[in-house]
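Reminder, nothing fancy here: chain letters follow the sequence lines and each chain counts from 1.
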Protein chains: 2
Amino acid sequence: MTDINILPPDSGPHDAAETAEIRQAIELLFFAYRDFTSDPDVILSRSGYGRAHHRILHFVGAYPGINVAQLLAILRITKQSLGRVLKQLLKQGFVEQRPGKHDRRQRLLFLTGKGREFEARLSSPQHERVRRAFAAAGPDAVSGYLQVLEHLINESERKIILDAIKRG
Amino acid sequence: MTDINILPPDSGPHDAAETAEIRQAIELLFFAYRDFTSDPDVILSRSGYGRAHHRILHFVGAYPGINVAQLLAILRITKQSLGRVLKQLLKQGFVEQRPGKHDRRQRLLFLTGKGREFEARLSSPQHERVRRAFAAAGPDAVSGYLQVLEHLINESERKIILDAIKRG
DNA sequence: TATTTATGTCAGTCATGTTGACATATTTCG
DNA sequence: CGAAATATGTCAACATGACTGACATAAATA
């Protein structure tokens with residue numbers, strides 16, 4: 001037992017206390033996201049739609065005139081997956097398509113009045129949750145929150161996404 | 001046209017600029033979570049497992065001796081859903097069960113050595129992502145980030161969850 | 001004109017969630 | 001002690017939303 005135990009045991013490439021902090025932060029993100037996404041689910045399941053519908057409604061609402069390829073890139077799903085859900089939203093009159101001005105192969109997507117109404121109803125409990133959390137945590141905390149989220153995004157796409165979000 | 005247009009148009013119960021800020025924050029959370037969860041997917045799909053397996057491995061690893069009911073409450077799924085995935089993890093020797101000391105009906109869950117190893121491999125890219133984001137954003141931002149996440153959690157369970165996370 | 005691109009669609013499969021019903025062991029209550 | 005409640009497991013059927021692979025059409029581009 002001639003060890004000189006200055007460092008804590010099992011201190012690998014990363015500090016153990018720091019690792020615990022990271023684990024806690026990961027769990028916090030899990031729980032926050034779990035509750036955050038549960039808000040629209042109540043309304044959705046009563047209406048016979050799912051989260052996939054909400055995601056489409058959100059991004060078409062936020063970026064009117066978005067095309068199919070862009071939507072696919074955002075959602076990271078295949079066109080077959082998107083197609084099934086989007087077809088329903090078109091048929092129900094929540095979303096409409098117009099051919100692109102410059103490229104007439106493209107189908108630009110827009111929410112109809114009915115679509116905007118439904119999207120707002122789905123989003124409102126989520127908006128309220130975020131609004132309350134921001135108010136409770138205060139502006140400095142919000143700023144830090146946004147900074148960390150930005151850095152969690154893949155660096156390769158970070159700039160493009162941030163630009164799009166701010167313009168949207 | 002005798003309107004006195006002092007307020008911006010369509011200013012409902014909430015300020016329009018604030019609403020835009022909330023929408024941006026929601027999208028940022030979506031993109032951050034999307035990329036955050038994509039990390040283990042690469043390893044998982046190569047191994048023939050899914051996110052459901054990872055979630056179980058994470059929480060059993062973080063809370064050794066957790067029982068089935070607690071795990072169900074955290075994941076918010078039915079015991080049938082949990083059962084299917086947990087059964088595989090037991091059979092593959094990643095998780096083991098021991099009867100509860102006080103209540104022998106309970107099955108307390110633990111990771112095996114093999115399970116700890118696999119969990120660490122799955123989590124490491126996620127940990128690295130968070131670690132880098134925290135380092136880039138700085139300690140004050142991290143503190144704000146955590147504060148906001150806490151307030152996004154349902155208020156009714158917030159205290160219990162936070163206590164559990166900090167003890168875990 | 002030939003090729004590439006943007007989109008749509010058919011068919012089959014998989015992962016993971018759901019509900020409902022029922023079984024077993026154990027604890028707790030009257 | 002015996003009855004009821006609890007913790008867990010399991011069977012079956014079904015829904016949602018992912019996936020792959022193949023193929024079709026219209027429009028842009030080389």
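Distances shown here put a side-chain N or O of R55(A) below 4.0 Å from the OP1 or OP2 atom of dA18(D). Distances shown here put a side-chain N or O of T78(B) below 4.0 Å from the OP1 or OP2 atom of dT18(C). OP1 or OP2 of dT18(C) lies within a sub-4.0 Å distance of a side-chain N or O belonging to S81(B).
Of the listed nucleotides (dA5(D), dG17(C), dC19(D)), dC19(D) has the atom at the smallest distance from the side chain of I77(A).
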Subject >> Sugar-phosphate or base contact per nucleotide [nucleotides 8-13 of chain C; S, B, -; heavy atom under 4.0 Å] >> reply: BBB---

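Scanning atom types as modelled, no donor and acceptor separated by under 3.5 angstrom connect the side chain of R105(B) and the base of dT27(C).
Put simply, CG on L109(B) is 11 Å from C1' on dT8(D), counting in whole angstrom units. Between the C1' atom of dT27(C) and the CZ atom of R104(B) lies a distance of 10 Å, rounded to the nearest Å. The nearest whole Å value for the distance from the CG atom in D41(B) to the C1' atom in dG17(D) is 15 Å. Between the CG atom of L71(A) and the P atom of dA18(D) there is a distance of 11 Å, rounded to whole Å. Atom pair N67(A):CG and dT5(C):C1' shows a separation of 12 Å (rounding to whole Å applied). Atom C1' of nucleotide dC19(D) and atom CZ of R76(A) are separated by 16 Å, given to the nearest angstrom. Nucleotide dC19(D) holds its P atom 10 Å from the CG atom of L75(A), rounded to whole Å.
With respect to the salt-bridge test (charged N to carboxylate O, under 4.0 angstrom), the residues E27(B) and R23(B) qualify. Salt-bridge formation is detected for the pair R131(B)/E128(B): a Lys NZ or Arg NE/NH1/NH2 atom is positioned less than 4.0 Å from an Asp or Glu carboxylate oxygen. A salt bridge does not link R116(A) to E119(A): none of the charged side-chain nitrogens sits closer than 4.0 Å to a carboxylate oxygen.
The ring pair (Phe, Tyr, Trp, His ring centres under 6.0 Å) check on Y63(A) picks up nothing, with sequence neighbours excluded.
The cationic group of R129(A) does not satisfy the cation-pi geometry with F36(A), failing either the under 6.0 Å distance to the six-membered ring centre or the 45° limit from the ring axis.
Applying the salt bridge (charged side-chain N to carboxylate O under 4.0 Å, His left out) definition to pairs two or more places apart or across chains, those involving residues 64-81 of chain A are R76(A)-E157(A), R76(A)-D35(B).
Between the side chain of S123(B) and the backbone N or O of A120(B) there is no donor-acceptor pair closer than 3.5 Å.
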